[in-house]
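Below: one structure, written as structure tokens.
All of these numbers come straight from a predicted model, not from anything done at the bench. A note on names: the letters A, B, ... follow the listed sequences, proteins ahead of strands, and every chain is numbered from 1. Just so it is clear, the values below take in all heavy atoms, side chains as well, and ignore hydrogens, waters and symmetry mates.
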Number of protein chains: 2
Amino acid sequence: MKLLIIEDSASLRRSLRIGLANLGFAVDDTGDGAQGLSMAMTGGYELIILDIMLPSIDGITLLQTIRTKQLDSKVLILSAKQEPEDRVLGLLTGADDYLTKPFSFDELHARLLNLMRRGGLKMMSDIITIDNLALNLQLKLLKVADNVIDLTPNEYKIVECLFSNQNKVFSAEKLSTYLAGQYDLISKNSIEAHLSSARKKVRVAGGELPIQTKRGFGYIVQGQ
Amino acid sequence: MKLLIIEDSASLRRSLRIGLANLGFAVDDTGDGAQGLSMAMTGGYELIILDIMLPSIDGITLLQTIRTKQLDSKVLILSAKQEPEDRVLGLLTGADDYLTKPFSFDELHARLLNLMRRGGLKMMSDIITIDNLALNLQLKLLKVADNVIDLTPNEYKIVECLFSNQNKVFSAEKLSTYLAGQYDLISKNSIEAHLSSARKKVRVAGGELPIQTKRGFGYIVQGQ
DNA sequence: TGGAAACTTAAGCAAGTCTTAAGTAAAACT
DNA sequence: AGTTTTACTTAAGACTTGCTTAAGTTTCCA
């Protein structure tokens with residue numbers, strides 16, 4: 001059972017590593033965000049214990065990145081108590097669990113076991129909520145205040161891509177890759193058409209897709 | 001209370017045997033799949049602790065075999081495997097509980113007690129009821145308001161997979177893995193044909209399979 | 001080895017989705 | 001303001017997907 005610790009504090013990192021290794025986990029660790037990301041991408045870890053505040057790449061960005069890459073490592077966030085609550089909540093988009101520092105080692109252990117037992121079921125990462133919109137990644141559908149909106153596969157994928165990569169501009173070209181893969185191409189116009197249709201569907205249902213056009217660059221969803 | 005441990009790792013096997021014997025169980029153990037199977041068939045064990053990865057015969061196959069032979073030993077799966085598919089597959093084929101390595105001895109003990117307490121042949125969780133349909137996982141059959149519907153193995157597996165994973169979209173590709181395993185493939189068209197046939201059988205019996213098509217995504221059973 | 005059951009494949013049809021293109025609107029530049 | 005560029009909208013036709021049926025093919029038993 002491979003496990004990766006990405007934690008800034010060397011002493012906490014060390015004690016976590018030793019404690020978890022003693023419990024029978026195969027543990028790797030690093031204190032650097034960028035290095036942690038590359039390890040996460042290539043190491044095939046079942047679980048990643050992730051600190052929020054990190055040098056070079058912060059925990060949020062790291063989590064978002066590995067989630068877009070469709071890695072199915074589980075992620076347990078460690079956060080300092082000082083973090084504002086809503087910020088932590090935002091972070092949990094895509095995380096499977098979180099612990100507030102300081103925590104007891106037993107507490108951590110219990111949560112790890114729980115995460116493993118749960119298996120493929122993720123709790124936080126299933127639904128992305130923005131304003132009165134809720135995108136359900138499991139059911140592949142979008143709700144506007146409890147009205148289900150039926151999106152076609154391509155419409156859905158555009159929304160999913162932008163919703164799960166907030167605060168990042170995606171060009172039509174990049175979206176094309178997301179929709180059709182590396183070896184197929186979808187024209188800019190076609191993406192415009194899909195997006196237009198998706199926006200209309202949401203508008204008809206009384207909402208508004210929070211996807212902004214960055215003229216000349218692409219599209220973005222800006223979280224607060 | 002007779003109990004059989006089938007576990008590859010000699011050290012884990014030994015510590016389980018000693019620990020469980022100390023708790024008052026009559027414990028046998030083996031590290032070999034084929035031997036484990038023959039012991040399971042003849043030994044009259046109330047409970048079998050079964051590792052998935054085993055020499056000569058793997059755990060899943062072993063479990064399937066003893067289930068087809070109508071043995072009523074309870075089975076608790078141990079697995080180090082990372083894929084959640086394995087977990088589900090294991091449970092689908094007749095396991096009573098599941099633990100992921102590493103686990104604490106206390107955790108195992110708690111689960112054993114729980115399994116014994118549950119007793120009886122049929123557990124609540126063995127029958128999945130949706131509307132007027134009842135899917136019996138133990139008997140591998142589907143009832144529409146007390147009329148038994150004869151599904152072929154593949155038809156049954158599709159229904160079982162979707163019924164026991166409600167509120168999740170399953171693509172044809174994923175279903176194929178459930179039906180045929182990782183190394184074999186069932187074409188999309190073939191799955192469509194099975195599903196069509198299953199739907200028809202239920203319809204003829206006066207019911208309706210609550211399996212919805214999510215065009216472009218796959219199939220889903222939506223619980224309440 | 002023969003026959004039944006189950007599985008796969010193929011083909012036709014219906015329905016849904018995608019792309020394109022032409023027209024309209026909005027922003028940026030001069 | 002006028003021009004140009006970029007993005008949005010719409011609708012029609014092409015394409016794709018999914019369902020169904022029926023005809024092959026395989027598998028499994030007796």
Original post:
Where do B:R13 and B:E7 come nearest, in terms of heavy atoms and distance?
Top reply: NH1-O, 3.0 Å

**OP:** With side-chain contact (heavy atoms from CB on, under 4.5 Å) as the test, would you mind laying out the steps for A:E173 and A:T177 before giving the verdict?
**Re:** CA-CA 7 Å; A:E173 199 181 325; A:T177 310; 5.5 Å; no

Subject >> Given DNA chain C, 5'-ward residue of the pair B:E155 and A:K201, judged by closest heavy atom >> reply: B:E155

**OP:** Kindly indicate whether the side chain of A:L141, heavy atoms from C-beta on, has any atom under 4.5 Å from the side chain of A:K143.
**Re:** yes

Original post:
Passes side-chain contact (heavy atoms from CB on, under 4.5 Å), B:Q166 versus B:I130? Steps please.
Top reply: CA-CA 10 Å; B:Q166 292 178 39; B:I130 301 177; 3.6 Å; yes

**OP:** May I ask you to test the A:L133-A:F163 pair for a side-chain heavy-atom distance under 4.5 Å?
**Re:** yes

**OP:** Describe, as an angle rounded to 10 degrees, how the axis at the first end of the helix from C:dT1-D:dA30 to C:dT30-D:dA1 is tilted relative to the axis at the last end, five pairs per end.
**Re:** 40°

Original post:
Between A:I158 (CD1) and C:dC18 (C1'), how many Å, whole number?
Top reply: 11 Å

**OP:** Apply side-chain contact (heavy atoms from CB on, under 4.5 Å) to B:K174 and B:Y219, showing your working.
**Re:** CA-CA 10 Å; B:K174 268 197 175 178; B:Y219 302 93; over 6 Å; no

Original post:
salt bridge (Lys or Arg N to Asp or Glu O under 4.0 Å) with B:D28: which residues, sequence neighbours excluded?
Top reply: none

Original post:
Base, backbone or nothing for each nucleotide of nucleotides 3-12 of chain D, written B, S, -, heavy atoms under 4.0 angstrom, 5' to 3'?
Top reply: --BBSBBB--

Original post:
Side chains of B:N154 and B:I186: does their closest heavy-atom pair fall under 4.5 Å?
Top reply: yes

**OP:** Whole angstrom is fine here: how far is it from OH in B:Y156 over to P in C:dC7?
**Re:** 14 Å

**OP:** Let me see the working for A:I77 and A:L63 under side-chain contact (heavy atoms from CB on, under 4.5 Å), right down to the final yes or no.
**Re:** CA-CA 9 Å; A:I77 296 267; A:L63 178 55; 4.1 Å; yes

Original post:
So does A:S187 get a side-chain nitrogen or oxygen closer than 4.0 Å to the phosphate oxygens (OP1/OP2) of C:dT20?
Top reply: yes

**OP:** Could you tell me the separation between the CG atom of A:N154 and the C1' atom of D:dT16, rounded to a whole number of Å?
**Re:** 12 Å

Original post:
Within this structure, what is the NE2-to-P distance between B:H194 and C:dA10, rounded to whole angstrom?
Top reply: 15 Å

**OP:** Just jot down the side-chain hydrogen bond (donor to acceptor under 3.5 Å, both in side chains) partners of B:K201, sequence neighbours excluded, or say none.
**Re:** B:E155

Using atom names, set out every protein N or O paired with an N or O of nucleotides 2-5 of chain C below 3.5 Å, distance rounded to 0.1 Å.
none

Original post:
For B:F217, which residues count as a ring-ring contact (aromatic ring centres under 6.0 Å, His included) partner, sequence neighbours excluded?
Top reply: A:Y156

